[in-house]
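Inspection log for the structure reproduced underneath, given as structure tokens.
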Amino acid sequence: MSIAASYAPVPLDGCVVLVVDATTGIGRAITARLCAAGAAVAVVGAGHPGRGDDAATNAAFLCKELAGIGHVALPYQVDAEDTDAVADLPGQISADIGPVSASIVVVPRCGASDRLVATFHAVSAAVARALPEGAPHIEVDPGPRAATSAARRYDEPARSAVERLVAALTRTPDRRRSA
């Protein structure tokens with residue numbers, strides 16, 4: 001490794017990123033990558049009918065795990081069917097950890113009904129509308145589940161989403177929170 005590379009700034013240092021459906025699968029992989037890139041992450045567990053676990057508890061446990069290794073992540077929970085509550089997330093997060101620089105919404109697909117997929121597309125649209133002007137928004141919709149390994153199914157979409165977000169934020173450096 002070159003000496004110059006060891007002094008390169010962390011690409012998302014000072015950024016606050018809101019991630020919806022951040023507690024399992026692709027969302028969890030995205031959250032981990034964002035934290036590793038220096039972002040403070042608002043980990044949003046999205047509750048919905050038919051979810052077999054507790055979104056709020058998952059968010060809290062993931063944030064505790066990330067904080068234990070020195071990352072900044074705060075848990076949030078929202079009912080995916082309550083778009084008014086979804087639209088309030090950026091303001092709540094801004095009050096807690098700073099202005100939201102960007103967002104990523106993961107559309108669940110593993111066993112998801114068409115209604116649930118449509119609900120998450122509505123969540124994504126509500127988040128995008130509620131962001132500060134110019135803040136990048138990425139919707140990750142992996143489509144129907146392919147027969148691939150978990151690593152490929154989660155890591156490739158996570159890597160791609162984070163790379164796109166880093167590129168968008170480096171084109172708009174004013175989106176970073178000032179220290």
Side-chain angles (χ1 to χ4, degrees), residues 12 14-35 37 39-67 71-143 145 154 157-158 161-162 164-165 168-169 172 175-177:
L12 297 179
C15 292
V16 175
V17 182
L18 181 163
V19 182
V20 176
D21 207 24
T23 62
T24 60
I26 294 170
R28 186 180 182 96
I30 287 170
T31 298
R33 284 179 176 268
L34 288 169
C35 282
V41 180
V43 177
V44 181
H48 52 80
R51 184 169 177 151
D53 59 3
D54 180 7
T57 300
N58 286 352
F61 280 130
L62 177 57
C63 290
K64 183 177 180 181
E65 179 182 330
L66 292 167
H71 297 302
V72 178
L74 290 175
Y76 296 85
Q77 192 275 333
V78 71
D79 178 350
E81 294 184 328
D82 185 351
T83 54
D84 289 337
V86 170
D88 290 341
L89 280 171
Q92 181 183 355
I93 292 162
S94 182
D96 292 343
I97 56 177
V100 176
S101 306
S103 67
I104 297 177
V105 174
V106 179
V107 177
R109 284 300 187 142
C110 185
S113 67
D114 290 343
R115 181 175 180 263
L116 183 60
V117 171
T119 297
F120 270 82
H121 285 297
V123 164
S124 183
V127 168
R129 284 190 303 273
L131 290 173
E133 186 166 339
H137 172 73
I138 296 173
E139 180 178 293
V140 178
D141 185 345
R145 183 176 170 184
Y154 300 152
V162 172
R164 289 183 359 229
L165 192 65
L169 287 168
T172 58
R175 298 294 345 139
R176 295 173 186 264
R177 184 180 68 186

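Predicted, not measured: the structure shown is a model, and the values here were computed from it.
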Give a yes or no on whether the backbone of Val17 and the side-chain of Ser101 come within a donor-acceptor separation of less than 3.5 Å.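 Between the backbone of Val17 and the side chain of Ser101 there is no qualifying donor-acceptor contact (under 3.5 Å).
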
Can a donor-acceptor pair be found, under 3.5 Å and without considering hydrogens, that links the side chain of Thr31 to the backbone of Gly27?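 Yes; judged by distance alone, with no hydrogens or angles, the pair exists.
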
Can you give me the closest heavy-atom contact between [X] and [Y], atom names plus distance?
X      : Y      : answer
Leu165 : Pro136 : CD1-CB, 4.1 Å
Pro90  : Ala87  : CD-O, 3.4 Å
Leu18  : Val127 : CD2-CG1, 4.3 Å
Leu62  : Ala22  : CD2-O, 3.4 Å
Asp79  : Gln77  : N-NE2, 4.1 Å
Val43  : Ala59  : O-CB, 3.7 Å

For Ala126, what residues pass the side chain to side chain contact (heavy atoms under 4.5 Å, CB included) criterion, not counting sequence neighbours?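 Result, side chain to side chain contact (heavy atoms under 4.5 Å, CB included) vs Ala126: Thr83, Val86, Arg129.
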
Within this structure, what is the CG-OH distance for the pair Leu89 and Tyr76, rounded to the nearest 0.5 Å?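 The OH atom of Tyr76 is 8.5 Å from CG of Leu89, to the nearest 0.5 Å.
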
Any chance you could measure Leu34, atom CG, to Leu66, atom CG, to the nearest 0.5 Å?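 So the CG of Leu34 and the CG of Leu66 are separated by 10.5 Å.
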
Can you give each donor-acceptor pair under 3.5 Å made by side-chain atoms of residues 116-125, sequence neighbours left out, with the distance rounded to 0.1 Å?
{"residue": "Thr119", "atom": "OG1", "partner": "Arg115", "partner atom": "O", "Å": "2.9"}
{"residue": "His121", "atom": "ND1", "partner": "Glu139", "partner atom": "OE2", "Å": "2.7"}
{"residue": "His121", "atom": "NE2", "partner": "Asp141", "partner atom": "OD2", "Å": "3.1"}
{"residue": "Ser124", "atom": "OG", "partner": "His137", "partner atom": "NE2", "Å": "2.7"}
{"residue": "Ser124", "atom": "OG", "partner": "Glu139", "partner atom": "OE1", "Å": "2.7"}

Would you please test Ile30 and Val162 for side-chain contact (heavy atoms from CB on, under 4.5 Å) and show each step? CA-CA 7 Å; Ile30 287 170; Val162 172; 4.2 Å; yes

